[in-house]
Amino acid sequence: MPFDSLARFGRGGKIVEEQEKVEPIIDEEEIVAKTIRNRMSVRKYLDKDVSQDLVSRVLEASRHTPSAGNYQPWEFIVVRDVNLKNDIVEACYNQNWMKNAPVFIVACMNCRLAGAVYGERGLRLYGIQAVAAAIQNMLLSAQSMGLGTCWVGAFSEIVISKIMQCPEYVRPCAIITLGYPDLGCTPHAKKHNKNEYIHYEKFGQTGQLKSVIEEKSPTFIKLE
Ligand SMILES: Cc1cc2nc3c(=O)[nH]c(=O)nc-3n(C[C@H](O)[C@H](O)[C@H](O)COP(=O)(O)O)c2cc1C
């Protein structure tokens with residue numbers, strides 16, 4: 001079945017109608033595309049527990065993630081304990097909506113593994129990419145099972161490390177909230193029109209892209 005992509009918002013905040021018909025190649029492709037399309041950050045959860053079996057299935061998705069040199073530099077801490085969750089929420093600058101989610105998964109980078117062969121590049125890039133890819137695999141796995149998630153990155157790393165009793169070489173990168181989404185949840189994030197960020201053969205700036213970059217970020221921080 002072909003599907004119509006939704007009306008999208010352009011980078012400048014203007015609505016851009018993207019009437020693109022995409023023919024699925026095979027049924028499986030349509031299922032995957034739908035899962036990717038329907039995932040959204042869920043910040044309202046039903047008062048309903050998630051079974052350990054489902055949590056295990058979500059975690060299983062992390063195993064199939066690519067990583068540089070196949071070092072698999074990730075660690076995940078599953079948290080259900082209410083007191084621990086409250087401490088975590090506080091460390092997330094009191095994002096109190098998180099408390100409704102019955103399960104948190106604290107996604108960490110194992111810096112020993114990440115830096116083992118690739119040194120600084122492993123620590124600053126490959127390791128973070130691998131953890132991020134594992135997180136996305138889990139978000140999509142949860143979505144495919146009717147569960148809702150949110151990727152939470154705003155937190156004090158020092159405090160989360162302390163709460164989780166992480167050794168020095170384990171860096172908390174994100175917290176995933178997991179639960180059954182409240183039926184009232186609707187997607188609201190504006191998505192860029194892909195014409196604005198996809199380039200062919202060489203990087204080319206459209207006038208629209210240039211104006212948005214100038215408006216949103218006139219300078220950039222160059223890392224050493
Ligand atoms: C690295 C990262 C950090 C994020 N941190 C937070 C956060 O601290 N709190 C929150 O509510 N959402 C957070 N999000 C979710 C984003 O706000 C959300 O993905 C974005 O607005 C797009 O919406 P969507 O996920 O529904 O497509 C984070 C997402 C990423 C990838």
Side-chain angles (χ1 to χ4, degrees), residues 3 5-13 15-16 18 32-46 58 61-62 65 67 73-77 79 84-109 114 123-161 163-164 171-194 196-198 212 216-217 220-221 223:
F3 60 79
S5 58
L6 296 169
R8 297 295 195 195
F9 291 85
R11 285 198 196 212
I15 294 175
V16 177
E18 210 184 322
V32 173
K34 242 183 193 163
T35 305
I36 292 170
R37 225 173 36 249
N38 290 343
R39 185 218 55 83
M40 62 175 175
S41 292
V42 170
R43 299 182 183 87
K44 261 174 128 181
Y45 296 91
L46 298 180
V58 170
S62 66
T65 303
S67 60
W74 45 70
E75 310 280 347
F76 301 106
I77 307 165
V79 182
L84 277 176
K85 278 172 53 200
N86 286 343
D87 290 347
I88 290 171
V89 171
E90 208 180 317
C92 294
Y93 310 112
N94 294 308
Q95 297 191 56
N96 287 319
W97 60 265
M98 293 173 70
K99 289 182 182 169
N100 299 323
V103 181
F104 292 176
I105 299 173
V106 183
C108 305
M109 174 171 69
L123 284 170
R124 290 177 69 153
L125 186 64
Y126 298 160
I128 290 169
Q129 287 176 332
V131 174
I135 293 169
Q136 182 70 1
N137 271 1
M138 290 193 281
L139 301 192
L140 294 176
S141 164
Q143 172 70 32
S144 73
M145 291 186 277
L147 294 168
T149 55
C150 188
W151 179 328
V152 175
F155 55 80
S156 159
E157 258 184 65
I158 295 171
V159 179
I160 292 289
S161 288
I163 298 166
M164 298 290 98
R171 178 181 181 191
C173 295
I175 294 153
I176 303 169
T177 55
L178 181 69
Y180 287 92
D182 186 289
L183 297 177
C185 287
T186 48
H188 64 276
K190 295 174 185 174
K191 297 296 178 188
H192 297 163
N193 185 323
K194 63 184 185 301
E196 295 172 19
Y197 59 84
I198 292 176
V212 170
K216 287 202 171 168
S217 181
F220 75 105
I221 303 158
L223 292 175

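Scope of the values below: all heavy atoms of this structure, side chains included, with no hydrogens, waters or symmetry mates. This structure is a prediction, so every number in the text was calculated from the model and none was measured. Counting convention: from 1, in listed order, for ligands and their atoms alike. The residues of the chain are indexed from 1 along the displayed sequence.
- Closest non-hydrogen pair, Ala114 versus Pro73, comes out as N-CB, 3.7 Å.
- Distance from atom 29 (C) of ligand 1 to its nearest protein heavy atom, with residue and atom name: Trp151 O, 3.6 Å.
- For residues 126-153, the ring pair (Phe, Tyr, Trp, His ring centres under 6.0 Å) pairs, not counting sequence neighbours, are Tyr118-Tyr126.
- Atom numbering of ligand 1 starts at 1 in the shown order; those under 4.0 Å from a heavy atom of Arg39 are 24 (P), 25 (O), 27 (O).
- Under the 4.5 Å side-chain criterion, counting only non-hydrogen atoms from C-beta, Ile135 is not in contact with Trp74.
- Looking at Thr149 and Met138, their side chains never come closer than 4.5 Å, going by heavy atoms from C-beta outward.
- The closest non-hydrogen atom to atom 8 (O) of ligand 1, taken over Ala132, Cys92, Cys173, Ala154, comes from Ala154.
- Counting only heavy atoms from C-beta outward, the side chains of Tyr45 and Cys150 approach each other to under 4.5 Å.
- For atom 20 (C) of ligand 1, the protein comes within 4.0 Å by no heavy atom at all.
- Interface atoms of ligand 1 facing Gly153, defined by a heavy-atom separation under 4.0 Å, are 3 (C), 4 (C), 5 (N), 6 (C), 7 (C), 8 (O).
- Given atom 18 (C) of ligand 1, the protein heavy atom at minimum distance is Ser41 OG, 3.4 Å.
- In this structure, the protein non-hydrogen atom closest to atom 9 (N) of ligand 1 is Gln95 OE1, 2.8 Å.
- Of the heavy atoms in Ala189, only side-chain atoms (C-beta onward) come closer than 4.0 Å to ligand 1.
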Could you check Lys99 against Lys85 for side-chain contact (heavy atoms from CB on, under 4.5 Å), going step by step and ending with a plain yes or no?
CA-CA 7 Å; Lys99 289 182 182 169; Lys85 278 172 53 200; 5.9 Å; no
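- Phe76 places none of its side-chain heavy atoms less than 4.5 Å from the side chain of Val106.
- Remark: minimum distance from atom 17 (O) of ligand 1 to any protein heavy atom is reached at Arg43 NH2, 3.1 Å.
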Going through the checks in order, is the side-chain contact (heavy atoms from CB on, under 4.5 Å) test met by Tyr180 and Leu147?
CA-CA 5 Å; Tyr180 287 92; Leu147 294 168; 3.7 Å; yes
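- With a 4.0 Å heavy-atom cut-off, ligand 1 is reached by the side chain of Trp97 but not by its N, CA, C or O.
- Close contacts of ligand 1 with Met40, meaning ligand atoms under 4.0 Å from a residue heavy atom, involve 26 (O).
- In this structure, atom 27 (O) of ligand 1 lies nearest to the protein heavy atom Lys191 NZ, 2.5 Å.
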